[in-house]
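Okay, so here's the structure we're looking at.
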Amino acid sequence: PAWVYSSGTPAGKEYSNLLRIYESRKNLSLRELKDAVVEFFLWSVSYPIISGQLGYRYMDPSLLNLYNQTSFSISEIGKIISYYPYEANLVIKTFLKDHKNGNVHLLTLPFDHPILPLLLQNNWTDQNGANITKGVWGNDVNAQLNVGRDIFYKNFGYYPSGQWTPEQAVSNAIVPFLAGNGVRWTSTDQAVLSLSGKLNATPGTASYYEQLYKPYGIQTKNGTETIVFRDSTLSNNWAFNYGDIASSQGSQAPVRDFISYLKNIYNTVPSKDHRNTLVTVAIDGENWMFMSPFPEDAVPFLHDLYSAL
């Protein structure tokens with residue numbers, strides 16, 4: 001994550017120094033490369049967890065000492081990755097607890113993160129003009145959906161009703177597969193709703209909001225599939241812009257923008273329709289966690305946002 005370069009730790013400062021060296025001469029010495037590789041693994045674990053920001057019971061003094069170093073040995077990679085199972089288990093247990101308490105609704109995704117509509121498309125031309133010829137791989141779609149759901153069941157003890165479609169990609173052909181594999185709802189971008197002709201009111205009006213901010217049901221041979229359409233502006237602001245704002249203006253600045261956006265919707269939609277209005281924010285985790293420089297893995301931002309909500 002970009003924020004590590006200004007984290008203030010000795011390791012973060014050295015990582016920033018290694019970046020400057022690489023940008024200057026376009027290569028690293030063997031020693032510098034070794035340090036950069038170890039730091040890559042070091043910053044792949046959550047510093048806020050390691051340092052106790054999310055509770056001292058999660059603190060790991062042994063790993064925390066590595067952030068005070070400026071040089072490393074390759075053997076320390078083993079020490080770092082041995083923490084991965086603990087961190088993953090911590091996340092799973094936390095979400096499972098929140099699910100049981102009714103605080104979150106969990107969903108899963110196809111096992112290998114495939115672009116599902118492409119698996120069902122036999123021929124197309126890619127963005128570079130190359131002709132792609134393949135079969136319609138319906139069995140692959142079923143396998144991807146089932147393996148993903150089975151892994152979720154193994155970890156959480158139940159099958160989820162929702163499904164994340166990788167890159168929010170959907171098609172008419174894919175919807176019956178979702179419904180036929182136990183998926184009751186999914187999400188995609190508001191541009192898809194626009195292309196369907198169902199989002200045709202004037203943007204910014206109550207009618208526009210009422211068209212966008214509600215679930216839609218699609219009838220298939222395998223049952224009804226519910227689809228919600230994400231607000232592109234709000235989602236992309238979070239994914240690509242709020243990290244820069246938080247870095248330069250503090251975590252409260254993007255929170256104010258987010259809340260202001262919601263308040264405008266609230267004030268525009270008639271009060272009688274408030275309880276039937278669903279504003280969907282859908283974003284890939286790597287976009288805002290790693291491609292946007294939220295300080296400290298976005299912990300301050302999330303704390304301030306959920307407090308404001």
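Put simply, Ile259 and Tyr261 are part of the same group of oily side chains (I, L, V, M, F, W, Y) that touch within less than 4.5 Å, one to the next. The cluster map of Ile, Leu, Val, Met, Phe, Trp and Tyr, joined by side-chain heavy atoms under 4.5 Å apart, puts Leu262 and Val228 in different clusters. Both Ile227 and Leu199 sit in one connected hydrophobic cluster of ILVMFWY residues. Membership requires side-chain heavy atoms under 4.5 Å apart, directly or through other members.
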What do the steps show when you test Phe152 against Tyr158 for ring pair (Phe, Tyr, Trp, His ring centres under 6.0 Å), and what is the final call?
CA-CA 7 Å; Phe152 185 98; Tyr158 71 98; 5.3 Å; yes
I would like to know whether Lys79 and Leu63 meet side chain to side chain contact (heavy atoms under 4.5 Å, CB included); could you show each step before the answer?
CA-CA 8 Å; Lys79 181 178 182 179; Leu63 277 183; 4.2 Å; yes
Apply side-chain hydrogen bond (donor to acceptor under 3.5 Å, both in side chains) to Asn123 and Asn131, showing your working.
CA-CA 7 Å; Asn123 299 294; Asn131 293 320; over 6 Å; no
After noting the C-alpha distance and the side-chain angles of Tyr86 and Tyr83, does the key distance pass the ring pair (Phe, Tyr, Trp, His ring centres under 6.0 Å) rule?
CA-CA 5 Å; Tyr86 170 79; Tyr83 184 78; 5.2 Å; yes
Test side-chain hydrogen bond (donor to acceptor under 3.5 Å, both in side chains) applied to Glu210 and Thr277, step by step
CA-CA 7 Å; Glu210 288 167 354; Thr277 302; over 6 Å; no
Can you list the steps and then say if Trp124 with Leu118 is a side chain to side chain contact (heavy atoms under 4.5 Å, CB included)?
CA-CA 9 Å; Trp124 75 90; Leu118 295 185; 4.0 Å; yes
Please walk me through it: do Leu107 and Gln163 pass side chain to side chain contact (heavy atoms under 4.5 Å, CB included)?
CA-CA 5 Å; Leu107 62 161; Gln163 177 84 49; 5.6 Å; no
Run the side-chain hydrogen bond (donor to acceptor under 3.5 Å, both in side chains) test on Asn236 and Asn241 for me, step by step, so that the C-alpha distance in whole Å, both residues' side-chain angles and the decisive distance to 0.1 Å come before the verdict.
CA-CA 7 Å; Asn236 287 332; Asn241 300 326; over 6 Å; no
Show your reasoning for whether side chain to side chain contact (heavy atoms under 4.5 Å, CB included) applies to Asn237 and Phe258.
CA-CA 9 Å; Asn237 277 343; Phe258 189 93; over 6 Å; no
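Contact check for Pro48 versus Glu296: side-chain heavy atoms found under the 4.5 Å cut-off. Between Leu178 and Leu145 there is a side-chain heavy-atom pair separated by less than 4.5 Å. The closest side-chain heavy-atom distance from Ser235 to Ile283 is below 4.5 Å. Contact of the Glu14 side chain with the Gln69 side chain is not registered, since no non-hydrogen atoms from C-beta on lie closer than 4.5 Å. Inter-residue side-chain proximity for Leu116 and Pro110 is flagged as met; some heavy-atom pair is nearer than 4.5 Å. The shortest side-chain heavy-atom distance between Phe72 and Leu42 falls under the 4.5 Å cut-off. Considering only heavy atoms from C-beta on, Tyr213 stays 4.5 Å or farther from Tyr208 through its side chain. For the pair Lys154 and Asp150, the minimum side-chain heavy-atom distance is 4.5 Å or more.
Between the side chain of Lys221 and the backbone N or O of Gly180 there is no donor-acceptor pair closer than 3.5 Å. In this structure, Asn222 contributes its side chain and Pro176 its backbone to a donor-acceptor pair below 3.5 Å. Judged by distance alone, with hydrogens and angles left aside, the side-chain atoms of Asp126 form a donor-acceptor pair with the main-chain N or O of Asn128 at under 3.5 Å. Without hydrogens or angle criteria, Arg149 side chain to Asn181 main chain gives a donor-acceptor distance under 3.5 Å. In terms of modelled atom types and a separation under 3.5 Å, the side chain of Thr268 and the main chain of Thr205 share no donor-acceptor contact. Checked by atom type and distance alone, the side chain of Asn264 never pairs as donor or acceptor with a backbone atom of Ser260 at under 3.5 Å. In this structure, the side chain of Glu87 does not engage the main chain of Val45 through any donor-acceptor pair within 3.5 Å. Remark: side-chain polar atoms of Asn89 are not paired, donor with acceptor, to backbone N or O of Pro85 under 3.5 angstrom. Of the possible donor and acceptor atoms, one in the side chain of Ser51 sits under 3.5 Å from a partner among the backbone N and O of Tyr47. With Ser44 contributing its side chain and Phe41 its backbone, the two residues share a donor-acceptor pair below 3.5 Å.
The two atoms that bring Asp231 and Gln190 nearest to each other are CA-OE1, 3.5 Å, heavy atoms only. Closest approach of Asp189 to Ser232, counting heavy atoms only: OD1-OG, 2.7 Å. Here the closest non-hydrogen pair linking Ala11 and Leu66 is CB-O, 3.9 Å. Across all their heavy atoms, Phe294 and Ala246 have their closest contact at CD2-CB, 4.0 Å. Scanning both residues, Val269 and Asp273, for their nearest heavy atoms gives CG1-CB, 3.8 Å. Among all heavy-atom pairs drawn from Ala308 and Val255, the shortest one is CB-CG1, 3.7 Å.
Atom OH of Tyr84 sits in a crowded spot, with more than 12 heavy atoms from other residues, nucleotides or ligands closer than 6.0 Å. Annotation: Phe95, atom CZ; neighbour count of heavy atoms from other residues, nucleotides and ligands within 6.0 Å does not exceed 12. Atom NZ of Lys97 has 12 or fewer neighbouring heavy atoms from other residues, nucleotides or ligands inside a 6.0 Å radius. Residue-environment remark: OH (Tyr159) exceeds the threshold of 12 foreign heavy atoms within 6.0 Å. Within 6.0 Å of the CG atom in Asn27, the count of heavy atoms belonging to other residues, nucleotides or ligands exceeds 12. Around CZ of Arg25, the count of heavy atoms belonging to other residues, nucleotides or ligands within 6.0 Å exceeds 12. Within a 6.0 Å radius of CZ in Phe111, other residues, nucleotides and ligands contribute 12 heavy atoms or fewer. No more than 12 heavy atoms of other residues, nucleotides or ligands lie within 6.0 Å of CG in Leu30, so this atom counts as exposed by the packing criterion.
Atom CG of residue Leu234 and atom CD1 of residue Ile265 lie 6.5 Å apart, to the nearest 0.5 angstrom. The CD1 atom of Ile245 sits 13.0 Å away from the CD atom of Gln252 when rounded to the nearest 0.5 Å. Going from atom CD of Glu32 over to atom CD1 of Ile21 covers 4.5 Å, rounded to the nearest 0.5 Å. The OG atom of Ser71 lies 6.5 Å from the NZ atom of Lys34; values are rounded to the nearest 0.5 Å. With values rounded to the nearest 0.5 angstrom, Thr70 atom OG1 is found 9.5 Å from Leu18 atom CG. For the atom pair Thr165 OG1 and Ile174 CD1, the distance stands at 9.0 Å (nearest 0.5 Å).
Residues satisfying the side-chain hydrogen bond (donor to acceptor under 3.5 Å, both in side chains) criterion with Asp257, sequence neighbours excluded, are Tyr242. For the ring-ring contact (aromatic ring centres under 6.0 Å, His included) test, residues two or more places apart in sequence or in another chain that qualify with Tyr216 are Phe229.
Under 3.5 Å, the side chains of Ser251 and His303 contain no donor-acceptor pair of N or O atoms.
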